[in-house]
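Naming: A, B, ... by sequence-line order, numbering from 1 per chain.
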Amino acid sequence: MADIRYQFDAIEAKWQKYWEERGLFKTSEVPGAEKYYLLEMFPYPSGKLHMGHVRNYSIGDVVARYLKMKGYNVLHPMGWDAFGLPAENAAIQNGIHPNIWTVANIAEMREQLKGLGISYDWDREVATCAPEYYKWMQWIFTRFFEKGLAYKKKNPVNWCPSCETVLANEQVVDGVCDRCGTLVGKKELEQWYLKITDYADRLLADLDKLPGWPAKVKTMQKNWIGKSRGAEVDFPIEGFDEKMRIFTTRPDTLFGVTYMVLAPEHPLVDKLAEGTGQEKAVAEFRHKLQFMSDIDRASASLEKEGVFIGREAVNPLSGVKVPIYIANYVLMDYGTGAIMAVPAHDQRDFDFAVKYGLEIIPVIEPEAEGIDVNNLTEAFEAEGRMINSGDFNGMDNKEAIGKISEFLEKEGIGKRSENFRLRDWLISRQRYWGTPIPMIYCEKCGWNAEKEENLPVLLPTDVEFTGKGESPLTTSKTFRDAVCPVCGGKGERETDTMDTFLDSSWYFLRYCDARNSGQAFSKEKADYWMAVDQYIGGVEHAILHLMYARFFTKFLYDEGYCPVEEPFTNLLTQGMVLKDGKKMSKSVGNVVSPGEIIKKYGADTARLFILFASPPEKELEWSDAGVEGSFRFLNRVFRLACELAEEIKSAPTGFEASGEADREMNYAMNFAIKKVADDISGRFAFNTAISAIMEMVNAIYKYKEVPGRQAGLLKAAVDSLILILSPFTPHICEELWSLTGHGGSLYGESWPACDEAALVLDKVEIVVQINGKIKEKLVVGSGLDSEALAAFVTADEGVSKLISGKTVVKTVAVPGKLVNIVVR
RNA sequence: GCGGUUGUGGCGGAAUAGGCAGACGCGCACGGUUGAGGGCCGUGUUCGAGAGAGUAUGGGUUCAAGUCCCUUCAACCGCACCA
């Protein structure tokens, strides 16, 4: 027969055009069919797809195409996280307007995605930089404002001198800017915040309602929210009216307090030091700290230092007076910015006390021997029995936590309290390419939200990109002028824009109803599609994006717009794509460009390799040889189908698997159909699904050489092969579907049915073990129960020989698997 | 320091609910086809000549352990003076 080559480039172009022209990927809403919302994290339109994208979207596409074949109404959308810094930097460097730059990049990347053959419903495409989108972003912001969850506050904020903008705490990693790696400084600025801390408890508690999320991600979020239980206690200060409020998780150690510490930035510090003669020492210490970077300040290895501020506090339980310090190890932005120090039972306090010769009073002693609490060499942080603690002596310290808290509340000295590590979300950015914050300031009425009918507040175009500290929006001649939405008088617009993380915190809702011009999304559409059944993306978004999206969803749920409290029912965090064991990066020079791979081997090969090389949640090591292997496999499939095409076209439908070889072929076929379905839907094990298909191909190759093989069975096998391979490599499968005599597209075909009966073999090989060691393999009838199996095996000549002369203690028989004979 | 994840051939990986370790692929070797190369096809490929041993380490539970429990080690990730 003629040698037909697998011309992937022509095939892929042909079918991509076919799909697009017929609009096959448009979301269907067939009544009665179950819905499935499948979402992959939308990309920032940098202009070029990288391998991480290819992996992300290939995974999604397998699932989308599979579920489509299973008859679901699948929502599988794509869009662009299109606001952000690179566009603005391009504007500063090259003089191109961010919008032009972004739109061009989107166009390029959209084509690349189409070139991969991903089945997106492009009718629902969104770009966060489009006014039709950010109008509703602004609207959501005004909802937050009306509910008192958006507020403006002057605060020292993280300032990136390179990006010239403020950063959220979450965007500062190890003291440097998350984006550019520049050392982050502090700056006093009035900024907008979202009160995510109001949702801290729910964000934490509802993690338990997400069994479909990786434990790792949930743990990371849990740690990030960082809830601690304890008590706030007021310590009176000698010769001073105001009290010093501290937070502690260890109220049981209250009698062990030997000094107090305020954060150097604490507002009480100056007032307390005044007139004590310590003013100078305090000022010098603070001055010194100012010149220390955040990294050094935050490092646990930093030596603890502090100064006495000249006053004493009174222990409200014991009446004992203790000195008050300021120290570098107490942070203003956690708890109350002040602590009680218990050196005997806290290592940090212990270190400090040793250095400054402060008293160490043990109040808990261990039940076990061996530790002399009166001569500690390090803090005793374990559980034990209360001592030196007045009425609480002798109590178990865990019990004392509750008892002392109760006492504090009864006496009005303190109260039980909870503290979170999570801070409110700083969302103001002094940048151009973001959603304008739709707020107006009026001398009379203060800050108010722009009226809904005036949204969107459009980004002005008459701005200068100077790269200076203030938002470029301030350079517009007209942008600032506004009418106060309350009194109608003269107002002034906010010129800061929003953190782009807001834009991506609700895009999944917009997809449900992407073209709605009157609402962010309709209740009806959100009711139908939400929640996202499966979300797929990189683990680097485990904390920020996913928590912000959960926060938005909860808020919109509370406001009655969104039907669910949690946006993503199941989450798959895909692993990174590595080359030579390292992350692909320009600086290392190990980047493999998807474009080149597609050009050389085609999109199907790229998809197949990426799905086959590793399970999706693990890292994937790029291998050129592996790509060759995937390409080879597709060629093998192509040749097989071409060789059999004519025979299949004229083959009868249906077959009788009468001979041994027929039954083997039939088994292999049905096994693959079942296995691939289970692997895709049950556990995203695309690698093993593909290996099952490879085995099926091997089986067909073998079967076609069998004399007397049946054309009907061959046809069934090849048809099934094409269908079950199609979610992975759709182009070649479409082509082969045509070549083997089927009309039109296989998109919309059903997943082949598995004939369970074909999977039941009449004979099965079982293992015979003696004392757990494999000694023999026997072929037996498959229907045997364990008793019959044991009898059969014991009666076998070879086996009897093995056990002759020994006493059989026990025989364990597992039908279909093995028999283990325990002898002495 | 705290929390999490992971350790299986030369390599990527498989073993899904405790039941034949190494599926599938890569690489490699040999053979066939070919003028040659490539391609394709076939055979072999954990170690060991063999008995046997073998899933990071040492122990345990079990008729049976890569899988469950404990010990130690290593790697990776997250958090890190959070009171």
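Minimum atom distance to the side chain of A:Asn820 is reached by B:A64, of the listed B:A15, B:A83, B:A64. Closest to the side chain of A:Val822, from the set B:A15, B:C26, B:C63, is B:C63. Distance from the side chain of A:Met694 is smallest for B:G25 among the nucleotides B:G25, B:A53, B:A14. For A:Arg421, whose side chain is taken as the heavy atoms from C-beta onward, the closest listed nucleotide among B:A80, B:C20, B:G78 is B:A80. If you check B:C81, B:A15, B:C24 against the side chain of A:Asn328, the one that comes closest is B:C81. Nearest nucleotide to the side chain of A:Asn698, out of B:G52, B:U16, B:G25: B:G25. Out of B:G12, B:U16, B:A83, the shortest distance to the side chain of A:Phe247 is found at B:A83. For A:Lys618, the listed nucleotide lying nearest its side chain is B:G13; candidates were B:A53, B:G12, B:G13. Of the candidates B:A23, B:C63, B:A83, the closest approach to any side-chain atom of A:Ser691 belongs to B:A23. Residue A:Leu818 places its side chain closer to B:G19 than to any other of B:C41, B:C24, B:G19.
Taking 4.0 Å as the cut-off between side-chain N and carboxylate O, A:Arg250 and A:Asp346 do not count as a salt-bridged pair. Between A:Lys675 and A:Glu695, no side-chain nitrogen of the basic residue sits less than 4.0 Å from a carboxylate oxygen of the acidic one, so the salt-bridge criterion is not met. Using a cut-off of 4.0 Å between Lys/Arg side-chain N and Asp/Glu carboxylate O, A:Asp201 and A:Lys227 are scored as salt-bridged.
At least one side-chain nitrogen or oxygen of A:Ser228 sits closer than 4.0 Å to the OP1 or OP2 atom of B:A83. In this structure, A:Arg636 does not reach the B:G39 phosphate: none of its side-chain N or O atoms is under 4.0 Å from OP1 or OP2. For A:Arg229 and B:A83, the shortest distance from a side-chain N or O to OP1 or OP2 is not below 4.0 Å.
A side-chain contact (heavy atoms from CB on, under 4.5 Å) with A:Ile700 is found for exactly one of A:Met669, A:Arg709, A:Met665, namely A:Met665.
Rounded to an integer number of Å, the gap from A:Phe686 CZ to B:U16 P is 18 Å. Rounded to a whole Å, the NE2 atom of A:His266 is 13 Å from the C1' atom of B:A83. The CE atom of A:Met220 sits 19 Å away from the P atom of B:C2 (whole-angstrom rounding). Protein atom CZ of A:Phe671 is 12 Å distant from nucleotide atom C1' of B:C24, rounded to whole Å. Between the CZ atom of A:Arg632 and the P atom of B:G38 there is a distance of 13 Å, given to the nearest Å. Taking atom CG on A:Asn223 and atom C1' on B:C77, their separation rounds to 12 Å, with Å as the unit. At whole-Å resolution of the value, CZ in A:Phe350 and C1' in B:G1 are 17 Å apart. Taking atom CG on A:Leu578 and atom P on B:C76, their separation rounds to 13 Å, with Å as the unit.
Contacts of A:Lys222 with the nucleic acid, taken as non-hydrogen atoms under 4.0 Å apart, are absent. Residue contacts for A:Glu628: at a heavy-atom cut-off of 4.0 Å it reaches no nucleic acid atom on any strand shown. Residue A:Thr248 is classed as a sugar-phosphate contact, given heavy-atom separations below 4.0 Å to backbone atoms only. Here A:Glu695 lies in heavy-atom contact (under 4.0 Å) with sugar-phosphate atoms only. Among the atoms of the strands shown, none is found under 4.0 Å from any heavy atom of A:Asp351. Using a 4.0 Å heavy-atom cutoff across all strands shown, A:Val814 reaches at least one base atom of the nucleic acid. Within the nucleic acid shown, A:Ile774 comes within 4.0 Å of sugar-phosphate atoms alone, with no base atom in reach, counting heavy atoms only. At a threshold of 4.0 angstrom between heavy atoms, the contacts of A:Glu765 include nucleobase atoms, whether or not backbone atoms are also involved.
Each of A:Lys675 and A:Thr219 lies near RNA chain B, and the nucleotide nearest A:Thr219 is the one positioned closer to the 5' end. The residue among A:Ser614 and A:Gly772 whose nearest nucleotide of RNA chain B is located toward the 5' end is A:Ser614.
Separating the C1' atom of B:C26 from that of B:A64 is a span of 34 Å, rounded to the nearest Å. A gap of 10 Å separates the C1' atoms of B:U46 and B:A21, to the nearest Å. For the C1' atoms, the distance linking B:G66 with B:U55 amounts to 5 Å, nearest Å. Here the separation of B:G48 from B:U43, taken at their P atoms, is 24 Å to the nearest Å. Taking the P atoms as reference points, B:G52 lies 32 Å from B:C69, given to the whole Å. A distance of about 35 Å separates the P atoms of B:G1 and B:A65, rounded to the whole Å. Spacing between B:G59 and B:G42 at atom C1', rounded to whole Å, works out to 48 Å. Between the P atoms of B:A14 and B:C63, the separation comes to 31 Å (whole Å).
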Dot-bracket encoding of pairs in RNA chain B, which uses [ ] for pseudoknotted crossings and | for another strand, Watson-Crick or G-U under 3.5 angstrom: (((((((..(((......[....)))(((((((.....)))))))((....))..(.(((..]....))).))))))))....
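Between A:Tyr356 and A:Tyr325, the two ring planes are tilted [angle within 30° to 60°]. In this structure, A:Phe352 and A:Tyr329 have tilted ring planes: the angle between them lies in the 30° to 60° band.
Counted by atom type alone, A:Thr605 and A:Tyr6 present zero donor-acceptor pairs between their side chains at under 3.5 Å. Under the 3.5 Å distance criterion, with hydrogens and angles disregarded, a donor-acceptor pair is assigned to the side chains of A:Thr197 and A:Asp424.
Base orientation of B:A17: syn (glycosidic angle within 90° of 0). With its glycosidic angle within 90° of 0, B:G9 adopts the syn conformation.
Annotation for A:Lys600: atom NZ does not count as buried by contact number, only 12 or fewer foreign heavy atoms lying within 6.0 Å.
Listed by chain and number, the residues in a side chain to side chain donor-acceptor pair (under 3.5 Å) with A:Asn771 amount to none (sequence neighbours excluded).
For B:C63, the base has no donor-acceptor partner in the side chain of A:Lys810 [N/O atoms by modelled type, under 3.5 angstrom].
Here the side chains of A:Phe728 and A:Ile693 are in contact, with some heavy-atom distance below 4.5 Å.
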